[in-house]
Amino acid sequence: MRKTRHLLAGAALAAAAVTAVPMALTTPAHAAQQDIVNASQSTLDGHRQTILNEINKYRSSRGLAPVKYSPTLTGISQDESNRAVREENYNHSNNFLRDSRFRGATTMREITALEYSVNPVALVTWWKNSPSHNAVLLDPKVTVVGIGVTLADGSLTNTRQPWRIVSVVNGGGYANGGQPSDTRTSVTGTPAPAAAPAAAPSPQQTAVTPQAVAGPFADVAGNQQHASAISWVKSKGLLTGWPDGTFRPHQAIDRDAMAAVAYRMAGSPAFTAPAQSPYSDVAVNHPFYKEITWANSRGLLTGWSDGTFRPNADITRDATAALFYRMAGSPAVGSASSFADVSADQPHAQAITWMETTGVAKGWSDGTYRPTQTTNRDATAAFIQRYSS
C-alpha cells in the first residue's frame, strides 16, 4: 500500500470547517465598507461571549486564571476587525501599540483569525493550534481582553474572498491591579470594582509583542509567501491539507495529486473511468484513478513510453508548465522565454514561456525558472490562483 503523502478533499471546504483561514492581502485601491454585515449588538456580544468562554475554558484546563472582558479594549479590537474586512487586508496594522485606550498596560498582545462560516468557536480552535497565537491565549500576564467581531458578506468586493466572521482579540496585562474601569467578568455583565490606577509604564516595563498573522494552516502564517494563494485554493476545494491541520507548503506535489487538481480546476466534470487502466502502475482502485485517466483522456498529463504514469513521483516545474499550458488550449506563443535557464529547444520551453508571459509563473529573483526542480505545494497554489484569475 502506498504511503499517503498528499490529502486533497474531493468536495469544497465545508461550512462547518473547524479551522479559521486568515490571510495576508494587499490593501485594495478602494476600501469596501459594504462588505461588513450590519448585525445587532446582541448578536455581536453573543459571539464575543462565546469567544470569551472558550478562551477561559481553555485557560482553566491549563491551570490559569480566567481573563476578564473590557469594552474599552474591545473598542481597539473592533476597530481592527472592521478595518480588516473593510480593506480586505489581514496583516496586523500595529495600531494597538499606539492606542491610548491601552493606557496603563504593561503587556499588550493581539491575535486575529477569520472563518468562512459564522463559527466563533472555530476561531479559538485555530488560535489554540497555532503556537504563536496559543502563547497569547495562555499568557499568564494577560488579565483583560477586548474582543472585536465583524461579520462579512461572504464575497469581498475586491478579492471575492468568502470571509464570514473576523475576530481580533487584544490582551492586556496591568501592574499593581490596574485595569480599565469597565473591566467585567462577562461581556454584558456589571463592571468589576475599580482598582487603583497604575502609573503609566516606562518603555522598559512594557512587553510589546505583536503576533504573527494567523494563516490558512498551522504551518502557513498569514504573512508568508503564497499564504493568500494557499488560502484561496483551500476555500475553493482545489488543494487542501492533512488532518493535523498542516499544508506542508515546501513539500513537492505528486503527479497523481496534480491530476486531481487539474480535474477539480475543470469543475470535476462527469467522466467514466475505463475498466482497464491505461498505465501499468496505476490500478483501477487507485485513489485518484478517475482523475488520472481523465487527465490522460484530455492529453493534459500523459505517461512514459514504458507504459507507466509514475503517480507517486514528484512533478517537475517544466511538466507543471506543460499541464497548465495544455489546460489553456496550448495557445500560440510568439516570443522566447526570458528565463536564463530556459532555451527554445528544451522540453516544454513553449509552455514555460506561456506561463511567464501570462504571469502564471514568476520564477526566481536570479532570473531562472528551474524547470527540472520539483513543484512545491505552495508554488502549486500560486499557479492555480494566477491561472484562474
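Positions are given from 1 along the sequence.
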Side chain [X], main chain [Y], donor-acceptor under 3.5 Å:
X: S297; Y: W294; result: yes
X: Q78; Y: V149; result: yes
X: Y263; Y: I292; result: no
X: T106; Y: G173; result: yes
X: R164; Y: D153; result: yes
X: N56; Y: V67; result: yes
X: T357; Y: T353; result: yes
X: W232; Y: A227; result: no
X: Y387; Y: Y325; result: no
X: D244; Y: T246; result: yes

Do [X] and [Y] touch side chain to side chain, with heavy atoms closer than 4.5 Å?
X: V118; Y: H47; result: yes
X: L239; Y: I253; result: yes
X: F324; Y: T358; result: no
X: I55; Y: V145; result: no
X: I147; Y: S167; result: yes
X: S60; Y: K57; result: no
X: P249; Y: H226; result: no
X: F96; Y: V168; result: no

> Closest heavy-atom contact between T157 and E88?
Replying inline: N-OE2, 3.3 Å
> Between R326 and G299, which heavy-atom pair has the shortest distance, and what is it?
Replying inline: CD-O, 3.2 Å
> Which residue, N296, T308, T293, forms the side-chain hydrogen bond (donor to acceptor under 3.5 Å, both in side chains) with Y279?
Replying inline: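 For Y279, the side-chain hydrogen bond (donor to acceptor under 3.5 Å, both in side chains) check succeeds only for N296.
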Could you measure the distance from the [atom1] atom of [X] to the [atom2] atom of [Y]? Nearest 0.5 Å is fine.
X: D45; Y: T50; atom1: CG; atom2: OG1; value: 10.5 Å
X: T375; Y: I315; atom1: OG1; atom2: CD1; value: 6.0 Å
X: E110; Y: L97; atom1: CD; atom2: CG; value: 7.5 Å
X: S330; Y: L300; atom1: OG; atom2: CG; value: 8.5 Å
X: H286; Y: E291; atom1: NE2; atom2: CD; value: 9.5 Å
X: I352; Y: S338; atom1: CD1; atom2: OG; value: 11.5 Å

> Out of curiosity, does V284 fall in the hydrophobic cluster containing F271 (side-chain heavy atoms, cut-off under 4.5 Å, transitive links)?
Replying inline: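 F271 clusters together with V284.
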> Does L323 share a hydrophobic cluster with W304, counting links as ILVMFWY side-chain heavy atoms below 4.5 Å and allowing steps through other members?
Replying inline: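 L323 does not cluster with W304.
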>> Using side-chain hydrogen bond (donor to acceptor under 3.5 Å, both in side chains), reason through N53 and Q49 one step at a time and then give a plain yes or no.
In response: CA-CA 6 Å; N53 292 345; Q49 187 65 57; 2.8 Å; yes
> Between F339 and Y369, what is the ring plane arrangement, given parallel below 30°, perpendicular above 60°, and tilted in between?
Replying inline: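 The arrangement is tilted - the two ring planes meet at 30° to 60°.
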> How about Y174 and T143: does a side-chain donor come under 3.5 Å of a side-chain acceptor?
Replying inline: no
>> Checking W127 against V136 for the side-chain contact (heavy atoms from CB on, under 4.5 Å) test, could you report, in this order, the C-alpha distance in whole Å, the side-chain angles of both residues, the deciding distance, and whether it holds?
In response: CA-CA 9 Å; W127 288 325; V136 176; over 6 Å; no
> With sequence neighbours excluded, what pairs up with N134 under the side chain to side chain donor-acceptor pair (under 3.5 Å) test?
Replying inline: Y58
> Would D79 and R101 count as a salt bridge (Lys or Arg N to Asp or Glu O under 4.0 Å) if you check the C-alpha gap in whole Å, the side-chain angles of each, and the deciding distance to 0.1 Å?
Replying inline: CA-CA 12 Å; D79 288 348; R101 288 170 288 186; 2.8 Å; yes
>> Is there a side-chain hydrogen bond (donor to acceptor under 3.5 Å, both in side chains) between T74 and Y69? Walk through the geometry before answering.
In response: CA-CA 8 Å; T74 292; Y69 174 84; 3.0 Å; yes
